[in-house]
Novice: 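Sending over a structure as C-alpha cells; questions will come in a sec.
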Amino acid sequence: MNGLLQRPIIGGVFGAGRYVLATIPCVMRGLHAVRFMVIEPASGAVLSLADDKVGALDDARAAIRANTLLELQRAQLQGNDPRQVELWPGALFEERPVVDRHRPISKRRRDIYAKCGGRCHYCDTPLQLDGIWHVEHMLPRALGGGDDPANLVAACAPCNLTKSDQTAVEFIVKRRS
Ligand SMILES: [Zn+2]
C-alpha cells in the first residue's frame, strides 16, 4: 500500500521482531490522518487497529496474551507436560512498567481540556486527557497569537496538523466549504 510505514516491535510480549507496527494514511472527517496497526507479517494477521500508537500496542498486547493463554490450554489438553508450559507464563505475562502512560499532566493542559469539554475544539472528537492531543493557538503564534488561556484550545492531531498557521476562523470556514 502506498505510504505504508512499518517498524518491528521489540520487547515484552511482542518478542524480537515477530510483529511490526504499521502506520496507514487515511482520511478521517475529511482530514488527512494516520492510523496505527500491529501486524504479524509471517502470517498476515492483523492484531489491532487504532487511531493512536498506544492504543494499537495495548490492543495487540491483549490479543497476544489471549492467544498465548489459548495455546497453553491447548498444549495442556493435548497432554503435553504441564511442567514444561508452566515455565512460560512468568516471562510472557510480565507487566511492562506503567510510568510511560501515567506521566503527570500539567495544570494548563487540564484546564484547557476542561474548557473544551474533553473534545477537539474544531471537529468535536472526544479526546482522552492523557491521550495524544494538542494545545492549539486559535490565533497562531505566527500571526501574533499569545499563550494566554483565552487563545488556547484542545485539538485532535489531525485538526492541529491541518490547521497549521490559519486562524481558527479561517480553518473552520475552510473545513465547512
Ligand atoms: Zn479535530
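Order of listing sets the numbers, starting from 1, for every ligand and every atom in it. Worth saying up front: this structure is predicted, and the values here are computed from it rather than measured.
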Novice: Does Q128 reach the side chain of W133, with side-chain heavy atoms less than 4.5 Å apart?
Specialist: no

Novice: Under 4.0 Å between a Lys/Arg side-chain N and an Asp/Glu carboxylate O for K107 and D111?
Specialist: yes

Novice: Write out all pairs satisfying side chain to side chain donor-acceptor pair (under 3.5 Å) with one or both partners inside residues 34-49, taking only residues at least two apart or from two chains.
Specialist: R18-E40, R35-D51, E40-S43

Novice: I'd like to know if the side chain of K174 reaches the main chain of K163, judged simply by a donor and an acceptor atom lying under 3.5 Å from each other, with no hydrogens or angles considered.
Specialist: no

Novice: Output yes when a side-chain donor or acceptor of K115 lies under 3.5 Å from a complementary backbone atom of L152, and no otherwise.
Specialist: yes

Novice: Give me the number of protein N, O or S atoms whose distance to the Zn ion (ligand 1) is under 2.8 Å.
Specialist: 4

Novice: Kindly say whether I64 contributes a backbone atom to a donor-acceptor pair with the side chain of Y19 at under 3.5 angstrom?
Specialist: no

